[in-house]
Amino acid sequence: MADAPTIVWFRDDLRVADHPALAAAADRGAPVVCVYVLDETSPGIRPLGGAAKWWLHGSLTALAGAIEALGGTLVLRRGAAARVIRSLVDETGAAAVFWNRRYGGPEREFDTALKAELTDRGVEARSFAASLLFEPWTIRTGQGTPFSVFTPFWRACARAAEPRHPLPAPEEIEGTAATGDSLDDWGLLPTRPDWAEGLREAWTPGADAGHARLADFVAEDLAGYDEGRDRPALGATSRLSPHLRWGELSPFEVWHAVRERRSGGGAGAARFLTELGWREFAWHVLFHAPDLATRNWRAEFDAFPWPLLDEDALRAWQQGRTGVPLVDAGMRELWATATMHNRVRMVVASFLTKNLLIDWRRGEEWFWDTLVDADAASNAFNWQWVAGSGADAAPYFRVFNPELQATKFDPDGEYVRRWVPEAGTDASPEPIVDLRESRAAALAAYERVKAAGR
Ligand code: FAD
């Protein structure tokens with residue numbers, strides 16, 4: 001029994017450093033079966049979007065290399081995860097299954113049920129905190145309820161214990177003979193057409209690339225982050241979001257890398273840590289409202305009179321052909337590189353929901369399919385934040401004016417020119433919507449929400 005292996009089930013934590021489940025398995029001393037399950041069949045598990053699949057392929061390749069360097073093998077299996085883990089336990093005679101926690105609703109239900117089942121069978125099942133700095137149930141208001149406003153939430157986090165220091169990767173693990181699928185057979189990469197050229201140029205998935213990016217950012221850009229972060233042309237933000245989304249970097253690694261530089265980072269470091277706080281808050285909100293991607297967080301928004309979907313307008317927005325330069329620049333950046341600067345994400349989301357009067361869920365779905373950092377909490381949370389229906393949301397009557405936003409945050413027009421070279425020329429189409437009139441229509445529609453909230 002002492003030699004019966006430990007299964008480590010990798011999910012959104014595709015790294016070997018600061019991986020508490022892997023560290024505990026290595027400490028157990030028995031052989032370790034490292035497994036990743038591509039689960040596209042369990043009910044309630046949201047299928048990955050195209051850009052996410054592209055990233056996952058690269059990330060699993062990198063993880064497999066890192067596990068091999070420790071002496072193990074990454075076993076790839078496909079199917080309903082509970083069934084796959086169950087059969088892997090039978091096949092390997094594993095005495096223990098370890099994993100790092102997930103916080104989505106269906107995921108938690110699966111994990112809880114599986115833990116109970118394994119425990120009943122005499123298999124040790126243990127879960128660890130690894131993906132959030134603060135476990136969502138530990139941060140509560142004075143009344144014991146979840147927070148719905150960011151600032152007091154983040155203050156409560158600051159009063160909690162400082163996030164722990166990251167754990168080193170195990171020095172080695174003993175592998176087993178368990179085998180699995182070939183990654184290439186999973187078809188995660190696009191073939192015909194191969195739309196991923198821009199992604200390959202923009203990104204390198206994997207923990208090594210994430211660590212290199214973190215080190216560069218802390219050394220070069222952290223001090224100027226506060227000033228530069230809202231300027232899309234500058235590249236002043238960290239671009240760590242996909243590495244965090246896939247757990248190639250842990251938030252503990254990022255937190256402490258920044259804290260150690262804080263004396264040299266000043267306002268930039270403080271601001272950056274607050275942005276990590278928004279990631280925490282998004283997960284906190286999702287933990288307490290698991291259907292955040294589909295249901296208005298503020299119920300009175302159910303009264304919002306969304307008009308019949310204008311498919312042409314939605315397509316023009318998706319393709320960056322609205323005739324509004326900053327919106328089109330953002331949407332083209334997204335299509336080419338599978339990311340978009342945060343300021344521009346806010347502008348395009350406001351334009352979709354308020355100027356085009358298209359339900360935020362259509363935008364959330366498009367981002368889910370096209371972002372490499374598409375994240376169950378941050379995406380839904382931010383869409384609802386912009387739409388006005390979310391926690392601590394921008395008020396609905398705050399309609400971003402894309403022209404003013406461009407003047408303020410892209411004053412030389414550099415970002416717009418990069419993505420919309422025809423902007424300002426005769427080749428530039430007329431906007432598909434009048435910004436002033438559509439703003440007024442949005443505010444009139446909002447009156448229904450106000451009435452429902454009374
Ligand atoms: P930095 O400015 O360097 O920030 C550092 C880290 O803090 C980010 O990597 C991210 O993990 C976190 N962070 C920063 N801003 C936010 C925020 N507003 N909410 C939550 N976390 C934040 N972020 C995602 O990771 N996944 C998404 O699917 C996602 N969808 C979004 C949709 C909309 C409509 C909007 C307005 C924002 C969305 N964001 C999402 C938040 C934000 O735009 C990205 O995290 C950020 O642009 C990533 O770039 P960066 O790593 O250079 O960020």
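All values below come from the heavy atoms of this structure, side chains included, with hydrogens, waters and symmetry mates left out. Ligands are counted one by one from 1 in listed order, and the atoms in each one are counted from 1 as well.
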H288 and W297: aromatic ring centres closer than 6.0 Å? no

Is the distance between the ring centroids of F351 and W317 under 6.0 Å?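 That pair fails the under 6.0 Å test.
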
Answer with yes or no whether [X] contacts ligand 1, where contact means a heavy atom under 4.0 Å from a ligand atom.
X    : value
Y225 : yes
F272 : yes
R229 : no

Rounded to the nearest 0.5 Å, how far apart are CZ of R102 and CD of E109?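 It is 11.5 Å, given to the nearest 0.5 Å.
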
Check: L183 main-chain N/O paired with D181 side-chain donor or acceptor under 3.5 Å: no

Main-chain N/O of G206 paired with E248 side-chain donor or acceptor, under 3.5 Å: yes

From [options] - option closest to [atom] by heavy atom:
atom                    : options                : value
atom 34 (C) of ligand 1 : F150, W360, F281, W383 : W383
atom 14 (C) of ligand 1 : H341, E275, E364, R245 : E275
atom 36 (C) of ligand 1 : E280, R345, Q384       : R345

Tell me if the [atom1] atom of [X] is crowded by more than 12 foreign heavy atoms within 6.0 Å.
X    : atom1 : value
E227 : CD    : no
W186 : CH2   : yes
D208 : CG    : no
E40  : CD    : yes

Going by side chain to side chain donor-acceptor pair (under 3.5 Å), R245 matches just one of D12, D375, D373. Which one? D12

Name all residues meeting the side-chain contact (heavy atoms from CB on, under 4.5 Å) criterion together with R46; count only those two or more places apart in sequence or in a different chain, and write none if there are none.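 Partners of R46 under the side-chain contact (heavy atoms from CB on, under 4.5 Å) test: A293, E364, E365, W368.
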
Ligand 1 and D375, any nitrogen or oxygen pair closer than 3.5 angstrom? yes

Between R362 and T353, a side-chain donor and acceptor under 3.5 Å: no

Of all the non-hydrogen atoms in the protein, which one sits nearest to [atom], and at what distance?
atom                    : value
atom 23 (N) of ligand 1 : S378 CB, 3.6 Å
atom 10 (C) of ligand 1 : S241 CB, 4.3 Å
atom 3 (O) of ligand 1  : S238 OG, 2.6 Å
atom 32 (C) of ligand 1 : N379 OD1, 3.5 Å
atom 6 (C) of ligand 1  : L276 CD2, 4.2 Å
atom 26 (N) of ligand 1 : D373 O, 2.9 Å

[X] neighbourhood, listing ligand 1 atoms whose heavy-atom distance to it stays under 4.0 Å:
X    : answer
A374 : 28 (O)
R279 : 11 (O), 20 (C), 21 (N)
N342 : 37 (C), 41 (C), 42 (C), 43 (O), 47 (O)
R239 : 50 (P), 51 (O), 52 (O)
L244 : 9 (O), 11 (O)
L240 : 9 (O), 51 (O)
N382 : 17 (C), 18 (N), 19 (N), 20 (C), 31 (C), 32 (C), 33 (C), 35 (C), 36 (C), 37 (C), 38 (C), 39 (N), 41 (C)

From the options R417, R332, R321, select the one residue that forms a salt bridge (charged side-chain N to carboxylate O under 4.0 Å, His left out) with E422. R332

When you look for heavy atoms under 4.0 Å from ligand 1, do you find them on the side chain of L371, its backbone, both, or neither? side chain

Side chain, backbone, both or neither: which applies to F367 and ligand 1 if a contact is any heavy-atom pair less than 4.0 Å apart?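 Near ligand 1, F367 shows its side chain, while the N, CA, C and O stay back.
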
